[in-house]
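Here is how names work: the chains are called A, B, and so on, in the same order as the sequence lines, proteins then strands, and each is numbered from 1. All values below come from the heavy atoms of this structure, side chains included, with hydrogens, waters and symmetry mates left out.
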Amino acid sequence: MSKILVIAEHDSKTLNASTAKCVSCAGTFSGLEIDVAVFSTNGESLCTEAAKLQGIRKVLRVDAPVNGDPLAAVLAPQVAELAGEYTHVLGPSTTFGKDLMPRVAALLGVNQVSDIMEVLGNHEFRRPIYAGNAVLTVKADDNRKLVATVRTASYKACDTTGEASTESVSPQCEIPTHTRYVELKAQASDRPDLQTASRVVSGGRALGSAESFELIYDFADSIGAGVGASRAAVDAGYVPNDMQVGQTGKIIAPDIYFAFGISGAIQHLTGIKDAGTIVAVNKDAEAPIFEVADIGIVGDLFEVIPALKAKLAT
Amino acid sequence: MQKILVGIKRVIDYNVRVRVKPDGSGVVTDGVKMSINPFDEIALEEALRIKERGEASEVVVASIGVSATQQQLRTALAMGADRAILVKEEDAVSPLTAAHVFLKLIEKEKADLVILGKQAIDDDNNQTGQMLAALWARPQATFASNVALADGKATVTREVDGGLEVIEVDLPAVITTDLRLNEPRYVKLPDIMKAKRKPLEETSTEELGVARTGGVEAIKYEPPEARSRGVMVEDVDGLVQALKDRGLF
Ligand SMILES: Cc1cc2nc3c(=O)[nH]c(=O)nc-3n(C[C@H](O)[C@H](O)[C@H](O)COP(=O)(O)OP(=O)(O)OC[C@H]3O[C@@H](n4cnc5c(N)ncnc54)[C@H](O)[C@@H]3O)c2cc1C
Ligand SMILES: Nc1ncnc2c1ncn2[C@@H]1O[C@H](COP(=O)(O)O)[C@@H](O)[C@H]1O
């Protein structure tokens, strides 16, 4: 019998939306049982939440004092140990999953399939390469364990009406002490999370300064949107790194994406191609962003944004 | 600290618009500009800065690739690396094989720190550094945007989805680079001349005794589903109307 283990991502309080997306992906394999592993210090409420993920068989609760922080070096040997009973181990292609899963794969002696965007068979997948300029179909050896990350933007979260059972497990393995968590510097924000927001407003180099970027925040707030940015805007220090959208930042799939003063480099576009509608505002009619935009307007963002805000408010 | 090992992968230059071959067997590489993977340039720059601060004695760059990868290794030497190793391979190797190669090189070179890119921009795998750290049974600090070394430890700031995460790792360790770690230096002409005299050693996976690990086979390359070009509107009124027509507002 084939079985999939999905590694849950969370912040100690609630599950990250990537977990429900991984479960959705797992659900597109055929004839497999899906279990979800939750690693934390006290996973009671997280496991209650995980048990509701539609389509899973059970939740593995892995409580241990060392599991308080998301450290790949600490989690990987435990995941590898639990993997013994499974044919497939899936994690999200968020920074958490990208850090952890290859370490698990190496401990299991297998290569990893990164960024599954489509499951063609239990060992055959499609994944983007070259910043999304090509899509590669890969076939994994069906005699080996499959370790993979799931491109979360390709999947909708599964329903949460399930009633799976929870089982406590304690993998027996040596946990290294060579890696220590210090802190997470996060900017507190009430805005919708970039990776799950249905509306996203992004700004590029054209904003020119952190002060001007307020225009983007202000417009985003007026329509209840999350905020993103191009690499150029992050590099220039207008906004923090966690707002970067693209090949090497966040891959997102909002219903509507506004790109203000973003040229549309391939590395940026790969992060937004699953967006429902792309709106581009750029003063250069030749900007490549217009090749992918659903609605484009050639204009100065400093004039367009205030006018747009006013009109959408009425 | 003694020695830093840096990975240098030869990839299609990031400015090239990559195209899939009509028969789906790969992407077009004929006549296409090849460069050092941008994240590996950042890795090398970081190693050089560590050495220039007096915190390392030698920077060795290594690549697994075809003979022509010498070009990228010469560029790395011109940037300031002391020595280069080319592990000659006609075919692309998997991340796990690359990790096994780096492990052998660590043993051979007695490296104390390995800096790789967070991902190679061809396959976008983002695996090799993490795999190497696992095989080596040493710490990994991936997606680094700041690295500080002291007392046999590295304090690394990591670019994660939630913001900036700081971890402390004992050395030896593997660090993988993110975009904001540094800005790589430009190579100057005299350095290119000097680099010609720097040692570039060649070996192979067979010579190193590394068995290849496959298990994930490339079947078919396809161009991505294209997004069709949409409508251009004249002004903000047109934009608002288009949004309303689509039921988005
Ligand atoms: C390895 C690698 C990885 C990368 N990863 C990413 C990534 O993940 N995400 C990402 O975004 N980039 C990434 N990049 C960078 C990418 O190649 C581009 O450099 C970047 O996206 C450009 O940002 P931009 O569009 O804001 O700036 P620019 O390209 O400078 O474009 C600014 C645009 O603003 C327009 N403009 C100027 N003034 C106004 C105005 N007043 N009103 C309206 N429009 C105006 C201009 O016409 C121009 O089109 C990566 C690059 C490399 C090499
Ligand atoms: N063939 C190779 N030669 C040199 N370095 C490599 C090679 N493959 C991977 N690497 C290193 O590993 C990093 C991550 O690669 P990947 O896991 O393929 O995305 C790269 O940025 C390089 O530093």
What are the two closest non-hydrogen atoms of [X] and [Y], and how far apart are they?
X        : Y        : value
B/Gly162 : A/Ala186 : O-CB, 3.3 Å
A/Val138 : B/Ala218 : CG1-CA, 4.4 Å
A/Ile297 : B/Met232 : N-CE, 4.2 Å
A/Arg144 : B/Gly214 : NH1-O, 3.7 Å
B/Thr213 : A/Gly109 : CG2-O, 4.1 Å
A/Ile129 : B/Asp124 : C-OD2, 4.0 Å

Using a 4.5 angstrom heavy-atom cutoff, name the option from [options] with the most pairs to chain A.
options                                : value
B/Glu222, B/Arg229, B/Gln127           : B/Gln127
B/Pro223, B/Ala134, B/Ala173, B/Ser228 : B/Ala134
B/Asp170, B/Asn15, B/Thr176, B/Thr155  : B/Asp170
B/Ile12, B/Asp123, B/Thr97             : B/Asp123
B/Val20, B/Ile121, B/Leu179            : B/Leu179
B/Arg19, B/Glu183, B/His100, B/Arg158  : B/Arg158

Side chains of residues 265-273 of chain A: which donor-acceptor pairs under 3.5 Å do they make with residues two or more places apart or in other chains?
unit_1	atom_1	unit_2	atom_2	d
A/Gln267	NE2	B/Tyr14	O	3.4
A/His268	ND1	A/Val245	O	3.2
A/His268	NE2	A/Tyr257	OH	2.9
A/Thr270	OG1	A/Ala131	O	3.0
A/Lys273	NZ	A/Gly132	O	3.1

* Report the C-alpha separation of A/Ile256 and B/Leu243 in whole Å, then their side-chain angles, then the decisive distance to 0.1 Å, and conclude whether the side-chain contact (heavy atoms from CB on, under 4.5 Å) test is met. => CA-CA 10 Å; A/Ile256 180 161; B/Leu243 290 171; 3.4 Å; yes
* Asked: Is the backbone N or O of A/Thr95 less than 3.5 Å from a side-chain atom of B/Asp161, with the two atoms forming a donor-acceptor pair by type?
  ->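 Yes; judged by distance alone, with no hydrogens or angles, the pair exists.
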* Flag, side chain of B/Arg227 to backbone of A/Ala275, donor-acceptor distance under 3.5 Å ->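 Yes, because the side chain of B/Arg227 sits within donor-acceptor range (under 3.5 Å) of the backbone of A/Ala275.
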For the residue pair [X] and [Y], establish whether any side-chain heavy-atom pair is separated by less than 4.5 Å.
X        : Y        : value
A/Lys311 : B/Phe249 : no
B/Val169 : A/His178 : no
A/Asp99  : B/Lys118 : no
A/Pro102 : B/Asn126 : no
B/Asp122 : A/Tyr130 : yes
A/Thr179 : B/Gln140 : no
A/Pro70  : B/Glu165 : yes

Can you tell which part of [X] gets under 4.5 Å to a heavy atom of chain A, answering side chain, backbone, both or neither?
X        : result
B/Tyr221 : both
B/Val27  : side chain
B/Ala154 : neither

Counting heavy-atom pairs closer than 4.5 Å to chain B, which one of [options] comes out on top?
options                      : value
A/Val279, A/Asn133, A/Asp141 : A/Asn133
A/Met243, A/Glu291, A/Met101 : A/Glu291
A/Gln244, A/His123, A/Arg103 : A/Arg103
A/Ser93, A/Ala76, A/Gly296   : A/Gly296

Would you compute the distance between atom [atom1] of [X] and atom [atom2] of [Y] and round it to the nearest 0.5 angstrom?
X        : Y        : atom1 : atom2 : answer
A/Leu308 : B/Asp235 : CG    : CG    : 11.5 Å
A/Asp274 : B/Glu225 : CG    : CD    : 9.0 Å
A/Leu107 : B/Met131 : CG    : CE    : 9.5 Å
B/Gln119 : A/Thr248 : CD    : OG1   : 6.5 Å
B/Asp245 : A/Ile295 : CG    : CD1   : 8.5 Å

Identify which part of [X] has an atom lying under 4.5 Å from any heavy atom of chain B, answering side chain, backbone, both or neither.
X        : result
A/Ala73  : neither
A/Thr177 : backbone
A/Phe125 : neither
A/Asp193 : neither
A/Val110 : backbone
A/Leu71  : side chain

Crowding at [atom1], [X] (>12 non-hydrogen neighbours, <6.0 Å):
X        : atom1 : value
A/Gln187 : CD    : no
B/Asp151 : CG    : no
B/Arg17  : CZ    : no
B/Lys220 : NZ    : no

* For the pair A/Arg231 and B/Glu159, find out whether any cationic side-chain nitrogen is under 4.0 Å from an anionic carboxylate oxygen. =>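 The answer is no: the pair does not qualify as a salt bridge.
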* If you measure from the Lys or Arg side-chain nitrogens to the Asp or Glu carboxylate oxygens, is any gap between A/Arg180 and B/Glu168 under 4.0 Å? ->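 Between B/Glu168 and A/Arg180 there is a salt bridge, with a charged N closer than 4.0 Å to a carboxylate O.
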* **Full working for side-chain contact (heavy atoms from CB on, under 4.5 Å) between A/Gln112 and B/Val216** => CA-CA 8 Å; A/Gln112 171 184 289; B/Val216 178; over 6 Å; no
* Might you work through the side-chain contact (heavy atoms from CB on, under 4.5 Å) test for A/Lys98 and B/Thr142, ending with a clear yes or no? => CA-CA 9 Å; A/Lys98 285 176 177 171; B/Thr142 52; over 6 Å; no
* Member of A/Asn241, A/Leu184, A/Asp242 meeting the side-chain contact (heavy atoms from CB on, under 4.5 Å) criterion with B/Leu164 ->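 Testing B/Leu164 for a side-chain contact (heavy atoms from CB on, under 4.5 Å) against A/Asn241, A/Leu184, A/Asp242 leaves exactly one candidate, A/Asn241.
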* Report the C-alpha distance between A/Arg127 and B/Asn125 in whole Å, list the side-chain angles of each, state the deciding distance to 0.1 Å, and finish with yes or no for side-chain contact (heavy atoms from CB on, under 4.5 Å). => CA-CA 10 Å; A/Arg127 57 174 302 258; B/Asn125 271 320; 3.5 Å; yes
